[in-house]
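Before any comments, here is the structure.
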Amino acid sequence: MRLVVAMTGATGAALGIRLLEVLRELEVETHLVLSDWARATIRLETDQTVDEVRGLAFRSYSARDLAAGISSGSFRTDGMVVCPCSMKTLSAIRIGFSDNLITRAADVTLKERRRLVLVAREAPLSEIHLENMHHLARMGAVIFPPTVSYYSRPTTVEEVTNSVVGRILDQLDIEHSLIKRWKDEPSVTDAGLLLAAEEAK
């Protein structure tokens with residue numbers, strides 16, 4: 001499998017880094033693009049260097065390199081993930097403003113009808129954000145706000161990160177064991193029976 005992974009300057013650099021780590025462990029070929037502000041966010045939010053993050057990918061590119069292979073639809077991939085995805089990048093993708101390699105690669109992914117997952121990092125969302133997301137969703141992109149699944153009872157930032165990354169991998173049909181999936185466990189059943197008993201009183 002071959003994927004394009006991009007990181008923008010939105011907060012959440014740990015999500016993109018963990019995604020790259022897991023994809024490397026799963027032997028997925030990754031082509032990484034870091035925006036200028038992604039490099040700054042990596043330095044601000046993590047203990048890893050930009051070179052260390054680039055080293056997690058099969059190949060990395062400058063966001064200014066519009067001659068890179070991934071800028072062409074003839075470069076075959078199985079999809080693209082922008083993680084994290086800023087609202088600036090999301091809006092540029094929406095209107096086809098391919099001014100850098102991230103937005104161009106996303107444009108290619110859409111036009112070639114490949115899977116595009118946008119891990120949108122913003123809160124709260126304005127009407128502009130929602131309109132852009134709605135438009136892209138209609139075009140086939142997956143809008144993926146990195147929300148927490150509390151039913152798994154995460155107790156560390158690492159568990160929360162793995163939960164989000166695991167769900168991103170699900171969108172790409174990649175098998176993994178990062179998350180605890182919802183199922184009829186005794187604790188869940190017992191909780192449901194207890195609630196029903198309380199309501200019956």
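Numbers here simply count residues along the sequence, with the first being 1. No hydrogens, no waters, no symmetry mates; every other heavy atom, side chains included, goes into these values.
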Review point. Which is it for Glu159 and Thr155 under the side chain to side chain donor-acceptor pair (under 3.5 Å) test, yes or no, and what are the steps along the way?
Key: CA-CA 7 Å; Glu159 288 178 352; Thr155 58; 3.2 Å; yes

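Clustering of Ile, Leu, Val, Met, Phe, Trp and Tyr by side-chain heavy atoms under 4.5 Å joins Leu125 with Val4, Val33, Tyr61, Ile70, Phe75, Met80, Val82, Met87, Leu90, Ile93, Leu101, Ile102, Leu110, Leu116, Leu118, Leu130, Met133, Leu136, Met139, Ile143. Val148 forms part of a hydrophobic cluster together with Tyr150, Val160, judged by ILVMFWY side-chain heavy-atom separations under 4.5 Å. Other cluster members for Val157: none, since no ILVMFWY side-chain heavy atom sits under 4.5 Å from it.
Side-chain atoms of Ser72 do not come within 3.5 Å of backbone N or O of Gly69 as any donor-acceptor pair. Remark: side-chain polar atoms of Thr103 are not paired, donor with acceptor, to backbone N or O of Ala92 under 3.5 angstrom. The main-chain N or O of Ser152 is never found under 3.5 Å from a side-chain atom of Ser149 such that the two would form a donor-acceptor pair. Of the possible polar contacts, one joining the His129 side chain to the Ser126 backbone as a donor-acceptor pair under 3.5 Å is found.
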For a quick test of your reading: what N or O donor-acceptor pairs under 3.5 Å do the side chains of residues 48-59 make, sequence neighbours left out?
unit_1: Thr49; atom_1: OG1; unit_2: Glu52; atom_2: N; d: 3.0
unit_1: Glu52; atom_1: OE1; unit_2: Thr49; atom_2: N; d: 2.9

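The local environment of CZ in Arg153 is sparse, with at most 12 non-hydrogen atoms from other residues, nucleotides or ligands closer than 6.0 Å. With a 6.0 Å radius and a threshold of 12 heavy atoms from other residues, nucleotides or ligands, Phe97 has its CZ atom at or below the threshold.
To the nearest 0.5 Å, the span separating CG on Asp170 from CD on Glu175 amounts to 8.0 Å. In this structure, CG on Asn100 lies 8.5 Å from CG on Asp36, to the nearest 0.5 angstrom. Rounding to the nearest 0.5 Å gives a distance of 10.5 Å between CD of Glu127 and CG of Asn132.
In terms of heavy atoms, Leu66 sits closest to Ser71 at O-OG, 3.0 Å. Shortest non-hydrogen contact noted between Pro84 and Ala10 is CG-O, 3.2 Å. Contact record, Thr46 with Ala13: CG2-CB, 4.1 Å, taken as the closest heavy-atom pair. Residues Arg121 and Pro146 share a closest heavy-atom pair of CD-CG, 3.2 Å. Taking every heavy atom of both residues into account, Val119 and Cys83 meet most closely at CG2-CB, 3.7 Å.
For the pair Asp78/Leu172, no side-chain contact is recorded, criterion being any heavy-atom separation below 4.5 Å from C-beta on. The side-chain heavy atoms of Ile42 and Leu34, taken from C-beta on, include a pair separated by under 4.5 Å. In this structure, the side chains of Thr41 and Met7 stay at 4.5 Å or more apart for every pair of heavy atoms. Counting only heavy atoms from C-beta outward, the side chains of Leu3 and Thr77 never approach each other to under 4.5 Å.
Leu26 and Leu15 fall within the same hydrophobic cluster, where Ile, Leu, Val, Met, Phe, Trp and Tyr residues are linked whenever their side-chain heavy atoms come under 4.5 Å apart, directly or through other members. Both Val117 and Val28 are assigned to one and the same hydrophobic cluster, defined by single-linkage of ILVMFWY side chains at heavy-atom distances under 4.5 Å. Hydrophobic clustering, with ILVMFWY side chains joined whenever heavy atoms are under 4.5 angstrom apart, keeps Trp37 apart from Leu20. Under the 4.5 Å side-chain heavy-atom criterion for grouping Ile, Leu, Val, Met, Phe, Trp and Tyr, Leu23 is connected to Met1 within one hydrophobic cluster.
Here side-chain hydrogen bond (donor to acceptor under 3.5 Å, both in side chains) pairs that include residues 108-120, with residues two or more places apart or in two chains, number zero. Residue pairs that meet the side-chain hydrogen bond (donor to acceptor under 3.5 Å, both in side chains) test with at least one member in residues 2-28, sequence neighbours left out, are Arg2-Glu29, Thr11-Glu45, Arg18-Glu21, Arg18-Asn162.
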